[in-house]
There are 2 protein chains.
Amino acid sequence: MNNKEKIFQVSIELFSKYGFDGVSVRQIAGEVGIKESSIYNHYSSKQEILNAIFEYYIDEMVSDEIPLEQASLNLDKGFDFFYKAGSDAFLSKLKEERMMKITRLLFIESYHNDEVRDFLKKSIIEAPVEGWISLFNLMKAKNLIRKDCDVRQLSESFFYYGMFLLYEHFFLNYPEDDEKFLEEFLVKTERHARTIFDSVKLGDD
Amino acid sequence: MNNKEKIFQVSIELFSKYGFDGVSVRQIAGEVGIKESSIYNHYSSKQEILNAIFEYYIDEMVSDEIPLEQASLNLDKGFDFFYKAGSDAFLSKLKEERMMKITRLLFIESYHNDEVRDFLKKSIIEAPVEGWISLFNLMKAKNLIRKDCDVRQLSESFFYYGMFLLYEHFFLNYPEDDEKFLEEFLVKTERHARTIFDSVKLGDD
DNA sequence: GTCTATACCCAGATAGAC
DNA sequence: GTCTATCTGGGTATAGAC
């Protein structure tokens with residue numbers, strides 16, 4: 001690993017622990033094992049390091065799209081199968097240690113970084129909600145749920161629960177038991193999905 | 001308003017906008033109209049100002065308890081009445097402008113202030129969840145909901161939705177339309193409550 | 001209680017030798 | 001590409017006159 005990569009890696013480590021403002025360039029240089037002036041041969045400023053980290057994160061995450069056709073097929077195999085497939089796709093990316101750390105950073109830095117906040121709002125919140133809206137509409141068409149229910153409310157009711165678990169973990173409990181969190185996350189969101197689904201489902205009751 | 005009160009008020013204003021680290025003692029002094037050295041006649045350090053703000057907030061908030069007996073009576077008058085009464089109690093304190101600002105501060109500072117984080121976890125999250133657990137147990141006893149449902153999961157499924165709305169507003173959208181947010185918060189959480197309730201209720205269907 | 005003046009520290013960043 | 005040395009500016013906080 002060359003020094004540029006080391007700087008990148010160490011910065012993820014430190015920023016996710018102490019926040020951007022809580023880490024100095026000297027500290028990063030110290031961990032890497034070079035002098036702080038040498039940092040500037042690789043990145044033009046401290047801010048540039050942060051930008052590079054989030055660019056990396058966004059690149060990794062957006063490659064992780066939800067194909068609606070596939071979801072529709074999964075849905076035909078039953079709710080359990082459908083839900084498991086969907087959450088596995090999302091969690092596979094997240095569970096890499098590096099991605100966990102940047103996710104923490106995303107949460108704690110979003111309030112004073114406009115770009116980061118926009119990414120969080122659009123790609124992590126709005127886009128998935130829209131995806132769920134499509135799916136609930138699909139479920140209406142397949143006569144799996146009641147025709148009269150509000151799909152947007154349903155999507156939010158469903159999705160925001162998991163989002164709060166993420167916030168709670170990354171912001172309030174981090175880094176206690178990342179592994180355990182991911183396991184519990186899966187169990188809890190599945191139970192929650194069932195609760196929501198039960199309130200609108202048609203058929204056997 | 002004397003200068004100590006001015007310092008207190010101005011600090012709430014600035015900290016909630018820019019975060020604790022984003023505000024200097026010079027800036028506070030400038031807004032108050034005194035020199036920074038004069039601050040130290042009233043507060044021994046910048047940190048002390050923050051502590052005073054959160055002490056004030058906690059005092060105001062804990063006076064706002066949920067009496068289970070009253071909730072039980074409200075429940076007998078129907079779910080709508082019951083829910084409205086409960087959410088009104090919570091929102092009445094929150095909707096004061098000053099409390100809104102400190103709530104924002106609570107959210108953004110909780111990740112690097114142990115005391116604040118503990119308060120958020122215990123008083124804002126855990127205590128209400130326990131309260132809802134008691135209530136759902138009560139609803140079981142009154143035969144309003146199914147005996148076999150998991151009350152903790154139900155409480156979290158119910159409560160975390162609202163918590164995420166709060167996070168979203170205070171952390172990501174603040175301070176856009178505080179008034180509008182509170183209105184929408186009421187509507188959305190009520191619809192959500194109905195969704196959750198529908199999944200477990202007994203009786204007319 | 002507020003002021004001027006200043007101490008002291010640490011931050012991000014740059015210049016130029018090697 | 002890394003170093004030493006240094007600049008510049010901002011931060012919190014204190015001493016002591018008024």
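As the structure is a prediction and not an experimental result, all values here were calculated from the model. The figures that follow rest on heavy atoms only: side chains count, while hydrogens, waters and symmetry mates do not.
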| said: Without decimals, in angstroms, what is the distance between B:Asn2 CG and C:dG1 P? | reply: 8 Å
| said: Taking salt bridge (charged side-chain N to carboxylate O under 4.0 Å, His left out) as the definition, give me every residue that meets it alongside B:Arg191, ordered by chain and number, with sequence neighbours left out. | reply: none
| request: Write down the distance between CD1 (A:Ile39) and P (C:dA11), rounded to a whole number of angstrom. | output: 13 Å
Under 3.5 Å, which N/O atoms of the protein pair with N/O atoms of nucleotides 15-18 of chain D?
none

| field | Length of the CD1-P vector between A:Ile7 and C:dA13, whole Å | value | 13 Å
| remark: Residues A:Phe20 and A:Glu109: closest non-hydrogen pair is N-OE2, 2.9 Å
| Can you list every side-chain hydrogen bond (donor to acceptor under 3.5 Å, both in side chains) pair that touches residues 127-138 of chain B, not counting sequence neighbours? | B:Glu130-B:Arg152
| task | Give the C-alpha distance, both sets of side-chain angles, the deciding distance and a yes or no for salt bridge (charged side-chain N to carboxylate O under 4.0 Å, His left out) between A:Asp80 and A:Lys84. | result | CA-CA 6 Å; A:Asp80 288 7; A:Lys84 192 82 172 61; over 6 Å; no
| field | Non-neighbouring partners of A:Asn2 that pass side-chain contact (heavy atoms from CB on, under 4.5 Å), sequence neighbours left out | value | A:Lys4, A:Glu5
| request: Apply salt bridge (charged side-chain N to carboxylate O under 4.0 Å, His left out) to A:Lys121 and list each qualifying residue two or more places apart in sequence or on a separate chain. | output: none
| task | For residues 9-18 of chain B, pull every pair meeting side-chain hydrogen bond (donor to acceptor under 3.5 Å, both in side chains), keeping only residues two or more places apart or in separate chains. | result | B:Gln9-B:Glu13, B:Gln9-B:Arg98, B:Glu13-B:Lys101
| message | I need the residues from residues 12-29 of chain A with at least one non-hydrogen atom less than 4.0 Å from DNA chain C; give them sorted by number, or say none. | response | A:Val23, A:Ser24, A:Val25, A:Arg26
| query | C:dA13, C:dT4, D:dA13: which one has an atom nearest the side-chain heavy atoms of B:Glu36? | reply | D:dA13
| request: Using salt bridge (charged side-chain N to carboxylate O under 4.0 Å, His left out) as the criterion, list what pairs up with B:Lys6, not counting sequence neighbours. | output: none
| query | Which of residues 42-51 of chain B have a heavy atom under 4.0 Å from DNA chain D? | reply | B:Ser45, B:Lys46
| B:Ser38 vs A:Asn3, nearer the 5' end of DNA chain D by closest nucleotide | A:Asn3
| request: Nearest whole angstrom, please: distance from the C1' of C:dA13 to the OH of A:Tyr40. | output: 5 Å
| query | Can you list the residues that meet the salt bridge (charged side-chain N to carboxylate O under 4.0 Å, His left out) rule with A:Glu36, with sequence neighbours excluded? | reply | A:Arg26
| Could you state the NZ-P distance from B:Lys35 to C:dT4, rounded to the nearest angstrom? | 5 Å
| said: Does anything in residues 22-46 of chain B form a ring pair (Phe, Tyr, Trp, His ring centres under 6.0 Å)? List the pairs, not counting sequence neighbours. | reply: none
| What pairs of residues pass the side-chain hydrogen bond (donor to acceptor under 3.5 Å, both in side chains) test when at least one of them lies in residues 154-172 of chain B, not counting sequence neighbours? | A:Gln153-B:Tyr161, A:Glu156-B:Tyr161, A:Tyr161-B:Glu156, A:Lys188-B:Glu156, A:His192-B:Ser157, B:Gln153-B:Ser157, B:His169-B:Asp178
